[in-house]
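Heads up: the structure comes next, in structure tokens.
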Amino acid sequence: MTLELYNTLTRRKQPFEPLEAGKISIYCCGVTVYDYCHLGHGRAYIVWDTVRRYLMWRGFEVRYVQNFTDIDDKILNRAKAEGSTMQEVSERFIQAYFEDMERLNILKADDYPRATHTLDGITRLIHELEQKQMAYAAGGDVYFAVRHDQDYGKLSGRRLDDMQAGASGRVEADPDGPKKKDPFDFALWKAAKPGEPAWESPWGSGRPGWHIECSAMVRDRFGDTIDIHVGGADLIFPHHENEIAQSESATGKPLANYWMHNGMVNVDGEKMSKSLGNFTTIRQLLDAPNAPDPMAIRLFVLQGHYRKPIDFTAESILSAKNSWERLKEGLLFGYKFGQQLGWTDTSDASFGNPAAMRIPAESEAVQRFQTAMDDDINSPGALAALFELAKDLRREGNIITHEGKTNADPQMLRQQWQTLVVLAQVLGLEAKPQPEAASELSDAEIERQIEQRRTAKAAKNFAESDRIRDQLKAAGIVLIDKPGGITEWHRG
RNA sequence: GGUGGGUUGGCGAAGUGGUAACGCUGCGGUCUGCAAAACCGCCACUCGUGAGUUCGAAUCUCACACCCACCUCCA
């Protein structure tokens, strides 16, 4: 089977071939750290984390680098508003970023370069562009001359002459306008304004523009060309277009062989964004009363294809919550029933650890999973394979709970369970057994209450028998009335 | 105006030529004092509209309609 990925640059799916056999370099555009991450950011990083995990599972050695933009007007504005500094603000939101992403089970990048730590690379790059006549200084600023770049627009599929300068309605707000030779030229370096953080450079004191940091970081960390560059679809233009312009004008080589972009999170059919004010931060979502499990959020994201928009609604989150409960039951199967099935290693430290599991690669579930994921990361298709495994396990688990045994082969169940755990983990979906909620009720006490209820039922005093049933339910004890007046029970 | 994407059951969502995965919701049955849980089963003769190609199309072609994103804040 071959892995195919959709490449924004060529506008089609292409078989994936890394620069160096077995190794993959990925650069992901990170956040500007001036506020908490919202669900839109969450989706992006869940998607790229999943791509990374999948490529690792596929046997590649993946090096994954993601930046923090810690020099920016919005950070400065926030610092001013708070009477603090740009560094304090960015430091705080970098920490918040890590907390939020950890909750979503997003693996740490191999490296997190920051704009403030990349000034040398940035000024070097600008200097080269200037020498190649691709950039010009103007009043302490330096701009990239888009008209000098023959390829400009190739990623976003635009031609300069077709574009409407200012179509986004924000051009009036651009104070650099008059210094530019062309409205589409963009800043590589901005002259310092009084009272703002600034760095020395050949063009005077100032700070880097937004796009240049990514070009410099890729070069610093990987060299001229990387395998895959990823980010939100809203970055295609101008951010990634400008990265390509800068990097490729300087090096004469492709910046990235594959460009992948995730779709947006919509709210009521419109993009979630700061400016529309329709955003929900990850912590708001996860800390709300009756909040979804972070894994439900992952599921919510992965149930849609990464390139399409997904709609964030109360209903879609509820659906994801319920779906996750299903999957979780399957994932916990081994912990709950392994011992009863006679598995001998349930108390080993490595029990349940996907890294220690060997699963048959030729099984139908694995094949379906891989076929789906190989097809441009079709996670909804991959999930279908997981749900089918989970459905079987859930049924067997229920049979054991209700009948005390199952006729299914314990080793086959084990294999199914392990397959589910391993594949779910590739999607970053993991469930750990909760430490048994220590019910204050002893077994004997529960049996005594059930006996009381039996007596009440025999006397047709159903009000009393229902009261006892509700009371036990509130304590986490579920009663199962079976034919013949037998009542079984289990916790939670 | 330019560019890209979308339109599949009540909701979400896969599916690029062979007759509609999967999840949620809902419904029916068994069981029950009634429930719950569980188990069994059901829910798109149809894929935005119209035409065409083909033995055969959700899938290809051409029109049309509607929706969304981007066009220097953006994941």
Side-chain angles (χ1 to χ4, degrees), chain A residues 8 11 28-32 34 37-48 72-74 146 153 156-159 161-171 173-174 176 180 183-187 209-211 230-239 241-242 261-266 269-276 299-300 303-305 307-311 313 315-316 318-324 326-327 368 372 375 378-388 390-391 395 398-399 401-403 457 460-462 465-466 469-470 473 478-483 485 488 490:
Chain A
T8 307
R11 288 174 200 81
C28 176
C29 276
V31 283
T32 301
Y34 72 104
C37 287
H38 58 61
L39 188 58
H41 302 108
R43 179 192 192 183
Y45 300 119
I46 287 170
V47 162
W48 304 125
D72 178 84
D73 282 340
K74 287 195 283 271
V146 293
S156 54
R158 296 153 207 259
R159 294 182 310 141
D161 296 332
D162 288 341
M163 285 199 286
Q164 237 176 45
S168 68
R170 266 175 278 116
V171 150
D174 184 357
D176 303 324
K180 294 180 184 178
F184 290 107
D185 288 351
F186 55 90
W210 174 35
H211 315 296
V230 303
D234 50 355
L235 298 183
I236 296 172
F237 191 90
H239 185 55
E241 195 70 71
N242 291 351
H261 294 94
N262 64 278
M264 301 293 100
V265 173
N266 289 167
E270 296 210 307
K271 177 181 159 186
M272 177 180 287
S273 74
K274 295 273 180 176
S275 45
L276 288 171
L299 200 52
F300 164 68
Q303 281 200 330
H305 183 83
R307 282 193 282 124
K308 286 194 183 178
I310 51 174
D311 216 29
T313 61
E315 200 185 4
S316 60
L318 180 64
S319 173
K321 276 172 82 167
N322 291 336
S323 302
W324 169 241
R326 271 293 165 89
L327 213 45
R368 281 185 60 194
D375 181 15
N378 181 352
S379 57
L383 280 170
L386 299 202
F387 275 111
E388 297 204 333
K391 187 163 64 183
R395 192 181 61 243
N398 284 327
I399 289 172
T401 300
H402 285 257
E403 310 299 332
K457 274 176 73 172
K460 302 234 188 286
N461 184 356
F462 298 122
S465 69
D466 288 353
R469 182 170 67 193
D470 291 345
K473 188 179 179 189
V478 178
L479 301 189
I480 302 165
D481 285 343
K482 299 181 66 172
E488 292 190 349
H490 63 91

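Order of the sequence lines fixes the chain letters, A, B, ..., with proteins taken first and strands second; residue numbering starts at 1 for each chain. Since this is a predicted model, take the numbers as computed values, not measurements.
- Rounded to whole Å, the distance from NZ on K321(A) to P on U25(B) is 12 Å.
- Base contact: H38(A) has a heavy atom under 4.0 Å from a base atom.
- Heavy atoms from other residues, nucleotides or ligands lying under 6.0 Å from NZ of K274(A) number more than 12.
- Note on K308(A): a side-chain N or O is less than 4.0 Å away from OP1 or OP2 of U7(B).
- Put simply, the side chain of N262(A) gets close to the backbone of G232(A): a donor and an acceptor are under 3.5 Å apart.
- Nucleic acid contact class of T401(A) (heavy atoms, under 4.0 Å, all strands): none.
- L479(A) comes within contact range of at least one nucleobase, with a heavy-atom separation under 4.0 Å.
- Contact annotation for N262(A): base contact, defined as any heavy-atom pair under 4.0 Å involving a base atom.
- If you check distances only, the side chain of K271(A) does reach the base of C74(B) with a donor-acceptor pair under 3.5 Å.
- Using a 4.0 Å heavy-atom distance criterion, D72(A) is classed as making no nucleic acid contact.
- Side-chain nitrogen and oxygen atoms of N266(A) include none within less than 4.0 Å of the OP1 or OP2 phosphate oxygen of C68(B).
- F462(A) comes within 4.0 angstrom of a nucleotide base, judged by non-hydrogen atoms across all strands.
- Looking at every heavy atom in both residues, C29(A) comes nearest to Y45(A) through O-OH, 3.0 Å.
- For the pair H41(A) and A75(B), the criterion of a side-chain N or O lying under 4.0 Å from OP1 or OP2 is met.
- At a threshold of 4.0 angstrom between heavy atoms, the contacts of S316(A) with the nucleic acid are absent.
- With hydrogens and angles ignored, the 3.5 Å screen pairs no side-chain donor or acceptor of S319(A) with any backbone N or O of S316(A).
- Residue F300(A) is classed as having no contact, given no heavy-atom separation below 4.0 Å to the nucleic acid.
- Comparing S319(A) and G304(A) against RNA chain B, the residue whose closest nucleotide sits nearer the 5' end is G304(A).
- Nucleotides of RNA chain B nearest to R326(A) and R395(A) differ in position, and the one nearer the 5' end is that of R326(A).
- Residue V47(A) is classed as having no contact, given no heavy-atom separation below 4.0 Å to the nucleic acid.
- At a cut-off of 3.5 angstrom, counting only N and O atoms as typed in the model, there is no donor on one side facing an acceptor on the other between the side-chain of R159(A) and the base of C71(B).
- Comparing A37(B), G23(B), G15(B) by their closest approach to the side chain of I480(A) singles out A37(B).
- In this structure, W210(A) reaches the sugar-phosphate backbone alone: every heavy-atom distance under 4.0 Å involves primed, P, OP1 or OP2 atoms, never a base.
- Counting to the nearest Å, the C1' atom of G5(B) and the CG atom of D311(A) are 15 Å from each other.
- With respect to R368(A) and E388(A), a salt bridge is recorded, a charged nitrogen being found less than 4.0 Å from a carboxylate O.
- Side-chain atoms of D466(A) and base atoms of G33(B) include a donor and an acceptor less than 3.5 Å apart.
- Across every strand in view, C60(B) sits in a pair with G52(B) that passes the Watson-Crick or G-U test at under 3.5 angstrom.
- Comparing C74(B), A21(B), A14(B) against the side chain of N378(A) picks out A14(B) as the nearest.
- Residue contacts for E388(A): at a heavy-atom cut-off of 4.0 Å it reaches the sugar-phosphate backbone alone, with no base atom in range.
- Considering only side-chain atoms of D375(A), the nucleotide from G33(B), A75(B), G15(B) that sits closest is G15(B).
- Using a 4.0 Å heavy-atom criterion, one finds that N322(A) contacts the sugar-phosphate atoms exclusively.
- Close to C39(B), at under 4.0 Å from its OP1 or OP2, lies a side-chain N or O of N398(A).
- If you check every strand for non-hydrogen atoms under 4.0 Å, R158(A) touches a base.
- Nucleic acid contact for L235(A): sugar-phosphate only, since backbone atoms but no base atoms lie under 4.0 Å from a heavy atom of the residue.
- A perpendicular orientation is assigned to the rings of F186(A) and H211(A), their planes being inclined by more than 60° (bins at 30° and 60°).
- Taking 4.0 Å as the cut-off between side-chain N and carboxylate O, D466(A) and R469(A) count as a salt-bridged pair.
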